[in-house]
There are 2 protein chains.
Amino acid sequence: MGMQNKRILVVEDEAPIRDMLRFALERADFRISLAGDVPEARLRIAESRPDLILLDWMMPGVSGIEFTRELKTGPMTKDIPIIMVTARAEEEDTVRGLNVGCDDYISKPFSFPELTARIQAVLRRTLPGGEEEQLAVAGLQVDAASQRVTAKGEPVRLGPTEYRLLHFFVSHPERVYTREQVLDRVWGQNVYVEERTVDVHIRRLRKALAPHGYDAMIQTVRGTGYRFSEKV
Amino acid sequence: MGMQNKRILVVEDEAPIRDMLRFALERADFRISLAGDVPEARLRIAESRPDLILLDWMMPGVSGIEFTRELKTGPMTKDIPIIMVTARAEEEDTVRGLNVGCDDYISKPFSFPELTARIQAVLRRTLPGGEEEQLAVAGLQVDAASQRVTAKGEPVRLGPTEYRLLHFFVSHPERVYTREQVLDRVWGQNVYVEERTVDVHIRRLRKALAPHGYDAMIQTVRGTGYRFSEKV
DNA sequence: TGGAATATGTCAGCTGGATTACACCGCAAG
DNA sequence: CTTGCGGTGTAATCCAGCTGACATATTCCA
């Protein structure tokens, strides 16, 4: 299922540790992004929202506290759980960090089983689809929390795959995707299904949206793939 | 802020460690009660309800596990978060294997920053809760004080687990939860139960609600989990 | 205290909706 | 007109969730 491997953003200034973490976490079946400092971390988050952030507390430049506060304040990022990584005996930072809103804490040196256990525990506590992700385009509303779609208030009945497909399109509008790209993003990377299967689900999605007049937003780009667009 | 000044009950048979903990935790601005064994701990709890219990699991007499179970069963004490203190990391796994409902673990030797951090984290996530409420959705009334449920006045017969399940759903409507999340929130954080068990209790809950016509509010979201919703 | 009633968790087989592949059709572009 | 791409209906397959039964734990009450 495409549900698994969560994205984890590792923010750590020391390259060797970063690589070690990447290795260990990839083995534990997570998808990893890396950032060496806070500005780079901001970039990575903007690219795609991670499900969890592993944040080294002691870094040159912007401190972990400031960055945590920044993240916990931003409406898009405030629900991303943060685990802070500190060296031992930094009591001050630890207490302050937890007050700022870190979700857990782990101190170097730590064992990988412990790290993955903490990550799993934190992920288990958080809710699917982030807290209040509310996508809406021209009266078409996709509510991630309840996994429901409404068109001008009217509920739209969708199967799981159609829901994921629509969710993907609504969050990536005005851009053409090939069938292969759609399969990658909606079905998951290591799944082999016929490309034409996308057609079938596109059709079903259009069919479900048609009574509400939204089917025209799923547009065919002949020779390439599909595009979600408000414009006709 | 409000996090400090919380009452912590330390249950630990070795006096030196007890004193050390008291010193460290008082410096971290907690109010501390001490108990050298389980009977004494019962007394302290009766005196005044602590906000958190730090419990050594290797003690003469009643073991930490038994005591945890006792606390988690009692209606007055079941909401007090418990952090279990174990001698070694391996024992953590042993303890974890048993179905004890404690909220976190820490293994000796630990640093004080780590201890306070864990305490903060546990308090943070268990902070909201414990109050009695009167929940009602569309004629379905859940009375927390008496643990009774009525549907349009008619009493609904529910087992304890079904009651907690319904209470959880009614207080978190319009949102999908995975089985894992339901287990975490309804059964407790470190209780290991098969995910399929959720299905069974969902079914029992639906069965109990069916005669009153409320079973449709417990909705299956295929591929994800369940949702409680007023809407069809 | 002992036995009945109730509650809980696990399992395995079942079932129907969801997913997928495939074959055929229609139409747009060149 | 022809070519090939995308649309559509259908049928096979699959799998998530449903269900009933059972074993065990807990509570209740005589």
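None of the values given here were measured: they were computed from a predicted structure. Just so we're on the same page: letters track the sequence lines, and every chain starts at 1.
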Verify the contact: side-chain N or O of [X] to OP1 or OP2 of [N], cut-off strictly under 4.0 Å; return yes or no.
{"X": "A:T197", "N": "C:dT19", "result": "no"}
{"X": "B:Y226", "N": "D:dA16", "result": "no"}
{"X": "A:T220", "N": "D:dG7", "result": "yes"}

With a 4.0 Å heavy-atom cut-off, tell me which residues in residues 201-218 of chain B come close to DNA chain D, sorted by residue number.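 B:R203, B:R206, in order of number.
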What nucleic acid atoms does B:V221 come within less than 4.0 Å of, heavy atoms only: base, sugar-phosphate, or nothing?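 It contacts sugar-phosphate atoms only.
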Mind checking what makes side chain to side chain donor-acceptor pair (under 3.5 Å) contact with [X], not counting sequence neighbours?
{"X": "B:T220", "result": "B:R206"}
{"X": "B:S33", "result": "B:R7"}
{"X": "B:D51", "result": "none"}
{"X": "B:R227", "result": "B:Q219"}

Distance, rounded to the nearest Å, where [X] contributes [atom1] and [N] contributes [atom2]:
{"X": "B:L183", "N": "C:dT10", "atom1": "CG", "atom2": "C1'", "answer": "13 Å"}
{"X": "A:W187", "N": "C:dA21", "atom1": "CH2", "atom2": "C1'", "answer": "13 Å"}
{"X": "A:E194", "N": "D:dA12", "atom1": "CD", "atom2": "C1'", "answer": "15 Å"}
{"X": "B:D199", "N": "C:dC14", "atom1": "CG", "atom2": "C1'", "answer": "14 Å"}
{"X": "B:R179", "N": "D:dA16", "atom1": "CZ", "atom2": "C1'", "answer": "7 Å"}
{"X": "B:L165", "N": "C:dT8", "atom1": "CG", "atom2": "C1'", "answer": "13 Å"}

Donor-acceptor contact below 3.5 Å, side chain A:R44 vs main chain A:L34: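 The answer is yes, because a donor-acceptor pair under 3.5 Å joins these two groups.
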For B:V186, does its backbone N or O pair with a side-chain atom of B:R164 as donor and acceptor, under 3.5 Å?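 Side chain of B:R164 to backbone of B:V186, a donor-acceptor pair under 3.5 Å: yes, one is there.
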DNA chain C-proximal residues of residues 154-162 of chain A, any heavy atom under 4.0 Å: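 Here the set is A:P160, A:T161, A:E162.
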Just checking, any donor-acceptor pair under 3.5 angstrom between side chains of A:E174 and A:S229?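 Checked: A:E174/A:S229 side chains pair up, N/O donor to acceptor below 3.5 Å.
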Got A:I8 and A:I53 here, is their nearest side-chain heavy-atom distance under 4.5 Å?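 They are not in contact (no side-chain heavy atoms under 4.5 Å apart), so the answer is no.
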For residues 194-204 of chain B, which side-chain N or O atoms pair as donor and acceptor with protein atoms under 3.5 Å away, sequence neighbours left out?
unit_1 : atom_1 : unit_2 : atom_2 : d
B:R196 : NH1    : B:D199 : OD1    : 3.3
B:R196 : NH1    : B:D199 : OD2    : 2.6
B:T197 : OG1    : B:E194 : O      : 3.2
B:D199 : OD1    : B:R179 : NE     : 2.7
B:D199 : OD1    : B:R179 : NH2    : 3.4
B:H201 : ND1    : B:E162 : OE2    : 2.5

Strictly by salt bridge (charged side-chain N to carboxylate O under 4.0 Å, His left out), give each pair with a member in residues 147-156 of chain B just once, sequence neighbours left out.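 Sorted result for residues 147-156 of chain B: empty, none.
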For A:F112, all residues meeting side-chain contact (heavy atoms from CB on, under 4.5 Å), sequence neighbours excluded: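 A:F112: side-chain contact (heavy atoms from CB on, under 4.5 Å) contacts with A:M20, A:L21, A:A24, A:F110, A:L115.
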Contact letters for nucleotides 23-30 of chain C, in which S counts primed atoms plus P, OP1 and OP2 and B counts the base, heavy atoms under 4.0 Å: --------
Closest approach to the side chain of B:R164, judged atom by atom: which nucleotide of D:dG7, D:dG17, C:dT8 is it?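 When the side chain of B:R164 is considered, C:dT8 is the closest of D:dG7, D:dG17, C:dT8.
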Those residues that, when tested against B:F168, pass ring-ring contact (aromatic ring centres under 6.0 Å, His included) (two or more places apart):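 Only B:H172, B:Y177 meet the ring-ring contact (aromatic ring centres under 6.0 Å, His included) criterion with B:F168.
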Assess whether a salt bridge exists between A:D103 and A:K72, defined as any Lys/Arg side-chain N lying under 4.0 Å from an Asp/Glu carboxylate O.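 Between A:K72 and A:D103 there is a salt bridge, with a charged N closer than 4.0 Å to a carboxylate O.
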Which atom pair, heavy atoms only, marks the closest approach of B:L135 to B:S171?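 For B:L135 versus B:S171, the nearest heavy atoms are CD1-CB, 3.8 Å.
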Between the opening five pairs and the closing five pairs of the helix from C:dT1-D:dA30 to C:dG30-D:dC1, how far apart are the helix axes, to 10°?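 Here the helix ends are tilted 30° relative to one another.
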